[in-house]
There are 2 protein chains.
Amino acid sequence: MGRPREFCPDQALGQALEVFWRQGYEGASLSDLTEAMGITRPSLYAAFGNKEELFRKALDRYESHVMGFMAEAMRQEPAREAVAGLLYGFADAQSGQDTPAGCLGVNGALACSEASEPVRQELARRRGAVEARLAERLRAAPAGQLPPGADPDDLARYVMALAQGMAVQAKSGAGREALRRVVATALQAWPDSVAAA
Amino acid sequence: MGRPREFCPDQALGQALEVFWRQGYEGASLSDLTEAMGITRPSLYAAFGNKEELFRKALDRYESHVMGFMAEAMRQEPAREAVAGLLYGFADAQSGQDTPAGCLGVNGALACSEASEPVRQELARRRGAVEARLAERLRAAPAGQLPPGADPDDLARYVMALAQGMAVQAKSGAGREALRRVVATALQAWPDSVAAA
DNA sequence: CCAGAACCATACCACACGGTACGAAACCGT
DNA sequence: ACGGTTTCGTACCGTGTGGTATGGTTCTGG
């Protein structure tokens, strides 16, 4: 009962996600957000709590929607295919025509004022979680599927560094083609012959 | 003539550099800056213009001091040594004990409000300049020094992506050892045998 | 020893920030 | 039709932002 809200929370969250994605947590003001979401300040607070909670919900939506490809990519065999799926998936997600450039997890709050330190740490935590999942995936690979002498943890960190670096490049203006060539260049170092072994 | 200033501009700039490095352009308030520099607001404006000019001067100082190793690294032979020198140099610069984590060029303003767009673009421009210098260095390498089938432009973009990704990792808490292993993992893909060819 | 010049410190400005109080409007169950 | 409930819109709050006016202070050149 009571007056029904005049906006769709999910759609509004999608708009908020875009603003955070483009401008980062601190760079997105409440005015930017409410304007993009098409709702007023009090409506935002009633529906989403406050700016930080809104950001966390946008982050959840980002992970489940934009990064949804990850789960399937990780399942690919052999391990090299999983890494290739991840990297090409990141490249595409960071260079979408209808989405902001780069990655919300990197754009969100890399360096910020002390007030946003909790947000920064949360993002670092989530990046670490992805890296841990990848390390686990690589550790489960049969011997011989990884490049000779490569440690799964090191390899996972290397792949994530590359992904995050591509996010920086995308935000700097690099297009999809450029990013895909970065992935291809990296994968040339991990020949199919190794995977076939 | 006139009253002499009671602070050393170069030292004050160094303190400002540290604050920008740690908190980024927007995340560093004038209060943060003046407190770290040990000077008052009007002194800052008299000596450095305004916040944006101060940032640009800090950026120049960063390039000439912290990134000073680049010129020598690029001169190394063969090309693989130049890339190795660059990457290890970045890894060390991003994980210094007495300096903020990460890279000022990446921390400074990756995503920001519209007001700081000029700063963001300037940083993207400078990152591109480094990439262009590296591409030129690789293009000048004798045939056979690069991995087979690798395009110098793609290779340069790949190396820069890795460096910028390490900057993200460093800001996330990765230590020097972790970063160096990322570099080593990347360099394993570019065997010495290729360089010796 | 004084005039001019540059610097320092305080106190201030307009404005944008994140967040909220409050009254009017719109709905549901009875 | 009406009471209770929830939303919406406006107008506001305290605080912090980047930036500056002003007056006292400390130096140099003559």
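Model, not experiment: these values are computed from the prediction.
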- prompt: Can you tell me how far the CZ atom of A/Arg180 sits from the OH atom of A/Tyr88, to the nearest 0.5 Å?
  reply: 6.0 Å
query: Taking atom types as they are modelled, is there a donor-acceptor pair under 3.5 Å from the base of D/dG9 to the side chain of A/Arg41?
result: no
- request: Round to a whole Å and report the spacing from CG of B/Leu44 to P of D/dT17.
  value: 14 Å
statement: Atom CE of A/Met1 and atom P of C/dT30 are separated, to the nearest Å, by 9 Å
- request: Using a cut-off of strictly less than 4.0 Å, decide whether B/Ser29 has a side-chain nitrogen or oxygen near OP1 or OP2 of D/dG16.
  value: no
- request: Can you label the angle between the B/Phe69 ring and the B/Phe90 ring as parallel, tilted or perpendicular, going by 30° and 60°?
  value: perpendicular
First of B/Glu6 and B/Ser31 reached from the 5' end of DNA chain D, by closest nucleotide: B/Ser31
Atom-pair distance (CZ on A/Phe7; P on D/dT7), nearest Å: 8 Å
- prompt: Where the side chain of A/Pro42 is defined as all heavy atoms beyond and including C-beta, which of D/dG9, C/dG19, C/dC8 is the nearest nucleotide?
  reply: D/dG9
message: Rounding to an integer number of Å, can you tell me how far B/Glu53 CD sits from D/dG18 P?
response: 15 Å
task: Among C/dC17, C/dG19, D/dT20, find the nucleotide with the atom closest to the side chain of A/Lys51.
output: C/dG19
query: Can you tell me how far P of C/dG18 sits from CD of A/Gln23, to the nearest Å?
result: 11 Å
field: Which nucleotide in D/dT25, D/dC8, C/dT10 has an atom nearest any side-chain atom of B/Arg3
entry: D/dT25
query: Do the side-chain N or O atoms of B/Arg5 get closer than 4.0 angstrom to the phosphate oxygens (OP1, OP2) of C/dC7?
result: yes
query: CD1 of A/Ile39 versus C1' of D/dG9: gap in Å, rounded?
result: 13 Å
field: Distance below 4.0 Å between A/Thr40 side-chain N/O and D/dC8 OP1 or OP2
entry: no
- prompt: Quick one: is C/dC8 close enough that its OP1 or OP2 comes under 4.0 Å of any side-chain N or O from B/Ser43?
  reply: yes
- request: Provide, to the nearest angstrom, the distance between the CD atom belonging to A/Glu26 and the P atom belonging to D/dG16.
  value: 15 Å
task: Please indicate whether A/Gln11 has more than 12 foreign heavy atoms, meaning atoms of other residues, nucleotides or ligands, lying under 6.0 Å from its CD.
output: no
message: Taking any heavy-atom pair under 4.0 Å as a contact, classify A/Ala28: base, sugar-phosphate, or nothing.
response: sugar-phosphate
statement: The answer to which of B/Tyr45 and B/Pro4 contacts DNA chain D further toward the 5' end, by nearest nucleotide, is B/Tyr45
- request: Pick base, sugar-phosphate or nothing for B/Ala47, based on heavy-atom distances below 4.0 Å to the nucleic acid.
  value: nothing
Length of the line joining B/Phe48:CZ and C/dC8:P, which is rounded to integer Å: 11 Å
Neighbour count above 12 (heavy atom, 6.0 Å) for B/Glu136 CD: no
message: Please identify which of these residues, A/Val130, A/Leu110, A/Val106, meets the side chain to side chain contact (heavy atoms under 4.5 Å, CB included) condition with A/Gln164.
response: A/Val106
